[in-house]
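Naming convention: chains lettered A, B, ... in sequence-line order (proteins, then strands); numbering from 1 in each chain.
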Number of protein chains: 2
Amino acid sequence: MSAGRILVVDDEPQIRRIMRTTLTGAGYEVDDAKTGEEALAKLRDFRPELVLLDINMPGMGGLAACRAMRADPNVAIIMLTVHNTEAAKVEALDAGADDFVSKPFSTPELLARIRAALRRVPVSQSSPSRIRVGELTIDFGARTVTRGETASHLTPKELDLLRYLTQHANEAVPHRELLQAVWGPDYGDQVDYLRAFIKSLRKKIELNPDRPKYVTTEPWIGYRFNGAVESS
Amino acid sequence: MSAGRILVVDDEPQIRRIMRTTLTGAGYEVDDAKTGEEALAKLRDFRPELVLLDINMPGMGGLAACRAMRADPNVAIIMLTVHNTEAAKVEALDAGADDFVSKPFSTPELLARIRAALRRVPVSQSSPSRIRVGELTIDFGARTVTRGETASHLTPKELDLLRYLTQHANEAVPHRELLQAVWGPDYGDQVDYLRAFIKSLRKKIELNPDRPKYVTTEPWIGYRFNGAVESS
DNA sequence: CCGATCTTCATGACTTTTTCATGGTTTGTC
DNA sequence: GACAAACCATGAAAAAGTCATGAAGATCGG
């Protein structure tokens, strides 16, 4: 098992290559992105625990990307830049970054700051790939859910939805938050998507979908996953 | 209400004084300690959300104090030192510090780092999600209120109203203030909304809604929530 | 082309919010 | 005390919004 997943966001290929080597050598799983837009997409797919984010990037700048990512509390953000000015630091930190490192940086210091930041990520410590809750077994690796004897295959969106709900078990998760977590930041209003998928989710995990037990609706707010989640 | 409690740990009186002035000015509640031992004691009594910890101190050093404090995940630690070496930074961060600032530091940067670190402290996060008052339990996460055995579901407006009232418990909150807090700044005059919702609130939380005990009306002013609110 | 998945939409049942009319209460003035 | 004016509680109904559902179209990879 890796020490964690890290997403490197920088427009310079050379930096990405160096970072990848360094971090992989330190035991992390690494993916990279060239732009802020790409980073936001990979945030959903790769699910990093930490993002190393360059401030100076063409298109959506690092600060804008940082603000967009901050919506998810389950990821730490360390910003990087060549500008070692006080104003830059304050701006980055107030955009939601957890830490700030100026280039050129020393590798040991960067690694130490990464370790420190990862300690604070709530879920992290790598989410287990299989969990049990009540008579349910959800296998995120195999993309299946088993209730009693019957196993069902979960489609990608169903899986993402279920994952986010179980990660926030026993709290009412707002529509908007769910939509943004599963579909991306631009889809906060497409409540219909949610309803359609909640329906098919329930068909697969609930004993009788008319009176849901695990995925209940929280009227006017969103949905909620009920049950004591234990890794398995 | 303060922005948070901060404990300043440094053996030089002058630093403590400057820090206290700066942080108090930024809206924080401040206490200080001269030694690591004293800091550990104040950690229990003062319950700071964040500790500013000097590395160089006589007696128990800053690093040892940091390691001891790290047992409590509900406090952020920022270490300070004049030694701006890489080794010092790595050592501090691996001792459990969340961040590292070298002296002399810029005040805006320090404040920004404090804000960033406070975002990560789990508990603090201002208002608790569950409170008890008398025979009432209000769960803002689950959006329910429980009186004795009976639990009721709260609609969004009811919840917002109750939240604002409990946050200002034992004071008369004017109509206008309540309306603006719950409905928005343009609704200061819609006293009818208030009356309708106060009524349904009372139906859910009062034993007999005719003689309200928790939500009483403050004639000619507004409403008031009575009772000792304790987080739970 | 086929099948699986995702998106879009219309429908009726349901809940919350808004609006309003009624009658009772308090306050202040004569 | 009588009275008007402003306030308050209540119940009921209209308006607006939300939910589950089924089904049809769009998209994508093989």
Rounded (10°) bend between the five-pair end axes of the helix from C/dC1-D/dG30 to C/dC30-D/dG1:
40°

Are [X] and [Y] within salt-bridge range, i.e. N to O under 4.0 Å?
{"X": "A/D11", "Y": "A/K34", "value": "no"}
{"X": "A/R17", "Y": "A/D32", "value": "no"}
{"X": "A/D98", "Y": "A/R120", "value": "no"}

Could you give the [atom1]-to-[atom2] distance, from [X] to [N], as a whole number of Å?
{"X": "A/L159", "N": "C/dT5", "atom1": "CG", "atom2": "P", "answer": "12 Å"}
{"X": "B/R211", "N": "D/dC8", "atom1": "CZ", "atom2": "C1'", "answer": "16 Å"}
{"X": "A/D210", "N": "D/dA20", "atom1": "CG", "atom2": "C1'", "answer": "9 Å"}
{"X": "B/K199", "N": "D/dG11", "atom1": "NZ", "atom2": "C1'", "answer": "7 Å"}
{"X": "A/D189", "N": "D/dT18", "atom1": "CG", "atom2": "P", "answer": "11 Å"}
{"X": "B/Y223", "N": "D/dC8", "atom1": "OH", "atom2": "C1'", "answer": "7 Å"}
{"X": "B/L194", "N": "D/dC8", "atom1": "CG", "atom2": "C1'", "answer": "12 Å"}
{"X": "B/I221", "N": "C/dT27", "atom1": "CD1", "atom2": "P", "answer": "11 Å"}

Can you see if the side chain of [X] gets near the phosphate of [N] - specifically, an N or O under 4.0 Å from OP1 or OP2?
{"X": "B/H175", "N": "D/dC7", "answer": "no"}
{"X": "A/R195", "N": "D/dC19", "answer": "yes"}
{"X": "A/R202", "N": "D/dA20", "answer": "yes"}

Going 5' to 3' through nucleotides 7-25 of chain C, assign each nucleotide B (protein heavy atom under 4.0 Å from a base atom), S (under 4.0 Å only from sugar-phosphate atoms) or - (no protein heavy atom that close).
BSB-----BSSBS------

So, for B/K157 and B/W183, which heavy atoms are closest and what is the spacing to 0.1 Å?
CE-NE1, 3.2 Å

Give a yes or no on whether [X] atom [atom1] has more than 12 heavy-atom contacts from other residues, nucleotides or ligands under 6.0 Å away.
{"X": "B/Y187", "atom1": "OH", "result": "no"}
{"X": "B/R224", "atom1": "CZ", "result": "yes"}
{"X": "B/E171", "atom1": "CD", "result": "yes"}

Toward the 5' end of DNA chain D, by each residue's nearest nucleotide, A/E218 or A/K203
A/E218

Any side-chain to backbone donor/acceptor pair from B/T166 onto B/A169? Under 3.5 Å, distance only.
no

Under 3.5 Å: donor-acceptor pair, side chain of B/E49, backbone of B/R5
yes

